[in-house]
Trainee: 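One structure, as structure tokens, below. Some questions next.
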Amino acid sequence: MSLISQTAAWRELLSARDRMQGETVSVMFATDAGRAENFSLDLGDLYLDFARQRIDANVFDALVTLAETAGVGDFLKRMTSGDAVNSTEERAVLHTASRGFASEHEDVSEVVERGNKDLQAFVDGVHQGHIKTASGGLFKNVVAIGIGGSELGPALALDALKDDVDEKLDVRVCGNIDGIAFKRAFRGLDPSDTMVIVISKSFTTLETTLNARRAKVWMQDRIGDGWVDHFVGVSANLEETAKFGIKAGRVFLMYDWVGGRYSLWSAVGLPVALAYGWSVFSGMRDGAREIDEHALSAPLAQNAPVIMALLTVWNASFLGYQAEACTPYDTRLAILISHLQQLEMESNGKRVTHDGLVVDYPTQPVVFGGVGVNVQHAFFQQMHQGTTPAPIDFLIPACAPTGDERSHGLLLADALAQADALAFGRENIEEPHRHHPGNRPSTLLVYKELSPQILGKLIALYEHKTAIAGAIWGINSFDQWGVELGKRLSGGIRPMVQGDSPPTPSLAPVIASIRRMCDR
Ligand code: F6P
């Protein structure tokens with residue numbers, strides 16, 4: 001019932017932080033020939049180099065002691081074996097089981113296996129033409145409607161794999177209620193050969209149900225009652241899917257014990273399987289499972305997600321960095337940034353512990369980022385010389401994705417040069433505007449190629465990193481009460497916006513100006 005900050009391990013790191021104020025990454029490299037080797041981890045097709053972080057061997061050992069003190073190993077065992085580690089909702093957290101990692105619960109494994117069989121039969125049935133449209137034709141297009149965790153994982157995988165894997169169906173996603181997302185997703189599609197998948201664990205999410213109703217009308221206008229043959233549901237709420245009119249046999253279950261932002265491996269991955277085939281989807285799950293095996297078996301000091309989590313804790317809670325950037329030098333991973341924003345910030349953007357104590361240390365930093373090299377021409381100026389730098393994860397594909405070795409060489413050199421420039425800086429006393437202070441932390445995460453397996457590994461690495469950081473901070477990474485208040489207020493504000501009730505004093509001027517601009 002006490003905060004992690006009350007432990008000797010935390011206090012040791014506070015002293016280490018004071019000691020490190022006078023240290024620089026440059027000097028630490030200059031005085032330790034083995035530094036690059038010592039602060040790296042080779043996982044075969046993944047390589048983690050964290051030598052440019054502001055740590056020395058003593059800090060690293062103290063961080064590992066912190067992980068031990070926080071019971072990280074025990075937490076991972078409890079999470080993956082089905083304990084209710086989501087304390088506020090009293091739920092198990094078994095996304096690892098949803099990708100086939102043994103859960104010790106036979107019934108869970110059975111449910112997952114059965115669910116996968118049904119899902120695969122459906123996917124293969126659509127691809128082989130056994131599952132047909134209302135008029136007996138073949139499905140050609142799919143629109144997946146969902147938001148948050150019910151959108152971002154599939155959106156990331158669809159985008160990341162589209163250049164390297166044969167597309168079996170044109171699959172699009174639709175999240176926002178602004179009308180534009182719907183228009184774009186459905187542009188050019190013919191209702192008679194389009195399938196709509198409504199993905200929503202609760203099946204009460206306003207945005208999703210609104211877009212689903214729009215899609216239903218769009219389809220009914222053209223194919224009438226045949227719409228039911230074109231709608232699929234992915235949900236935990238079978239009552240609501242039935243009310244909406246989706247046939248029971250066309251609903252794939254989202255398990256109560258898988259949270260939205262960790263759900264890509266469950267039926268939420270259906271759009272990915274439909275786009276690229278079952279083998280691609282299972283390849284992703286295989287990759288993720290390999291990371292589960294690593295996370296659960298590697299010693300803490302050689303455990304990639306543990307190290308990544310400890311570095312975030314060190315940077316955010318001790319060195320005071322309030323933001324953290326992710327820069328994949330790979331256009332295919334553009335959506336990873338949005339996915340990580342939800343994964344990390346919705347999981348750990350919290351200020352109380354499991355026991356309800358208010359923390360006295362910073363927790364989750366803001367996650368932002370963009371694709372390299374483009375980011376070098378955007379926000380990197382601030383990273384190099386600004387007053388509020390942020391630690392950066394450089395994600396780097398080892399092999400040229402298009403076979404163009406020359407341009408890939410340039411890209412690699414760019415990424416490594418940025419990391420070195422941030423770490424080592426360049427002194428220029430005469431021209432202060434050219435002075436690069438250096439000592440700005442980064443991690444290199446190199447992957448062989450963006451296969452389905454490696455994509456699965458990358459996503460799972462960050463999932464474990466997130467849950468482990470939460471465990472160290474003592475917070476529940478699996479609820480999201482912070483988003484509830486806004487949802488509730490929105491219901492009360494809607495009539496004010498529509499002119500059906502008087503606006504509150506705080507909203508009156510802005511609502512008046514909105515109405516004036518739109519002549520309502
Ligand atoms: O934004 C809150 C949230 O509950 C996310 O956690 C979730 O992924 C998203 O909304 C969508 O929820 P659902 O799958 O229930 O529609």
Side-chain angles (χ1 to χ4, degrees), residues 85-95 98 115 119 143-158 173-178 181-182 185 196-216 231-244 246 250-272 335-350 364 366-367 459 462-463 466-467 470 475-491:
V85 294
N86 178 350
S87 52
T88 59
E89 296 173 322
E90 293 176 10
R91 278 189 193 145
V93 174
L94 281 170
H95 49 280
S98 75
L119 204 61
V143 179
I145 295 175
I147 201 158
S150 295
E151 176 189 23
L152 290 166
L156 163 60
L158 287 169
V173 293
C174 172
N176 205 344
I177 45 167
D178 65 353
F182 186 91
V196 173
I197 310 176
V198 186
I199 308 178
S200 175
K201 186 171 176 185
S202 60
F203 223 83
T204 55
T205 302
L206 178 91
E207 296 85 346
T208 300
T209 48
L210 187 143
N211 276 328
R213 280 196 302 274
R214 274 180 178 152
K216 186 171 165 181
F231 263 65
V232 175
V234 174
S235 183
N237 190 345
L238 302 186
E239 214 179 298
E240 284 300 320
T241 56
K243 265 196 223 157
F244 187 88
I246 301 180
R250 286 285 168 92
V251 179
F252 297 98
L253 201 58
M254 259 178 104
Y255 314 116
D256 187 45
W257 28 266
V258 175
R261 51 197 176 271
Y262 299 86
S263 66
L264 173 61
W265 327 98
S266 68
V268 171
L270 177 61
V272 184
I335 299 177
L336 179 65
I337 294 130
S338 308
H339 182 69
L340 293 186
Q341 282 176 331
Q342 194 210 11
L343 176 63
E344 301 196 57
M345 293 167 76
E346 194 164 88
S347 294
N348 290 339
K350 293 168 191 165
Q364 177 63 41
V366 169
V367 176
I459 300 172
Y462 279 98
E463 285 181 355
T466 302
I475 57 185
N476 179 2
S477 304
F478 307 105
D479 60 9
Q480 54 282 323
W481 296 103
V483 299
E484 293 305 320
L485 178 61
K487 283 186 196 170
R488 203 149 352 111
L489 291 184
S490 172

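As the structure lists them, so they are numbered: ligands from 1, and atoms in each ligand from 1.
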Trainee: Working to the nearest 0.5 Å, report the span between CG of L343 and CE of M345.
Mentor: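 Reported value, rounded in 0.5 Å steps: 11.5 Å.
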Trainee: Would you mind checking which non-hydrogen protein atom is closest to atom 9 (C) of ligand 1, with the distance to 0.1 Å?
Mentor: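 The protein heavy atom lying closest is I147 O, 3.6 Å.
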Trainee: Using a 4.0 Å heavy-atom cut-off, say whether Q480 meets ligand 1 through its side chain, its backbone, both or neither.
Mentor: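 Side chain only.
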Trainee: Quick one: look at M254 and ligand 1, take heavy-atom pairs under 4.0 Å, and tell me if it's side chain, backbone, both or neither.
Mentor: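 Neither part.
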Trainee: What donor-acceptor contacts under 3.5 angstrom involve side-chain atoms of residues 251-258, with partners at least two apart or in another chain?
Mentor:
from	atom 1	to	atom 2	distance (Å)
D256	OD1	R91	NE	3.1

Trainee: Counting non-hydrogen protein atoms only, what is the nearest one to atom 8 (O) of ligand 1? Give residue, atom name and distance.
Mentor: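 Heavy-atom neighbour on the protein nearest atom 8 (O) of ligand 1: G149 N, 2.8 Å.
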Trainee: Any non-hydrogen side-chain atom of P271 less than 4.5 Å from a side-chain atom of I197?
Mentor: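 Sidechains of I197 and P271: in contact.
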Trainee: Looking only at the side chains, is there a donor atom on one of S263 and S266 sitting less than 3.5 Å from an acceptor on the other?
Mentor: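 Judged by distance alone, the side chains do not pair up.
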Trainee: Would you say T208 has any N or O atom under 3.5 Å from an N or O of ligand 1, going by distance alone?
Mentor: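 Looking only at distances, the answer is no, because the N/O contact criterion of under 3.5 Å is not met.
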Trainee: Considering only non-hydrogen protein atoms, determine which one is nearest to atom 12 (O) of ligand 1 and report residue, atom name and distance to 0.1 Å.
Mentor: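 Atom 12 (O) of ligand 1 sits closest to the protein heavy atom T205 OG1, 3.5 Å.
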Trainee: What is the ring orientation for F478 with H95, classed by angle as parallel under 30°, tilted 30 to 60°, or perpendicular over 60°?
Mentor: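 It falls in the tilted class, 30° to 60°.
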Trainee: For S202 and N237, does a side-chain donor sit closer than 3.5 Å to a side-chain acceptor?
Mentor: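 No, N237 and S202 have no side-chain donor paired with an acceptor closer than 3.5 Å.
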Trainee: Under 4.0 Å from ligand 1, counting heavy atoms only, is it the side chain of K487, its backbone, both or neither?
Mentor: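 The part of K487 near ligand 1 is the side chain, not the backbone.
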Trainee: Tell me: protein heavy atom nearest atom 1 (O) of ligand 1, and distance?
Mentor: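 Here the nearest protein heavy atom works out to E346 OE2, 3.4 Å.
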Trainee: Considering the heavy atoms of S200, write down every atom of ligand 1 situated less than 4.0 Å from one of them.
Mentor: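 Reading through ligand 1 atom by atom, the close ones are 13 (P), 14 (O), 15 (O), 16 (O).
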Trainee: By ring-ring contact (aromatic ring centres under 6.0 Å, His included), which residues pair with F182, not counting sequence neighbours?
Mentor: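 Expected list: F186.
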Trainee: In the protein, what heavy atom is nearest to atom 15 (O) of ligand 1, and what distance, to one decimal place, separates them?
Mentor: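 Nearest protein contact, heavy atoms only, for atom 15 (O) of ligand 1 is S202 OG, 2.7 Å.
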Trainee: Quick one: which ligand 1 atoms are inside 4.0 Å of a heavy atom on Q342?
Mentor: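 It comes down to these atoms of ligand 1: 5 (C), 6 (O), 8 (O).
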Trainee: Can you find an N/O atom of V483 closer than 3.5 Å to an N/O atom of ligand 1?
Mentor: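 It does not: no N or O of V483 is found under 3.5 Å from an N or O of ligand 1.
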Trainee: Does E239 have more than 12 heavy atoms from other residues, nucleotides or ligands lying within 6.0 Å of its CD?
Mentor: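 Atom CD in E239 is not crowded, with 12 or fewer foreign heavy atoms closer than 6.0 Å.
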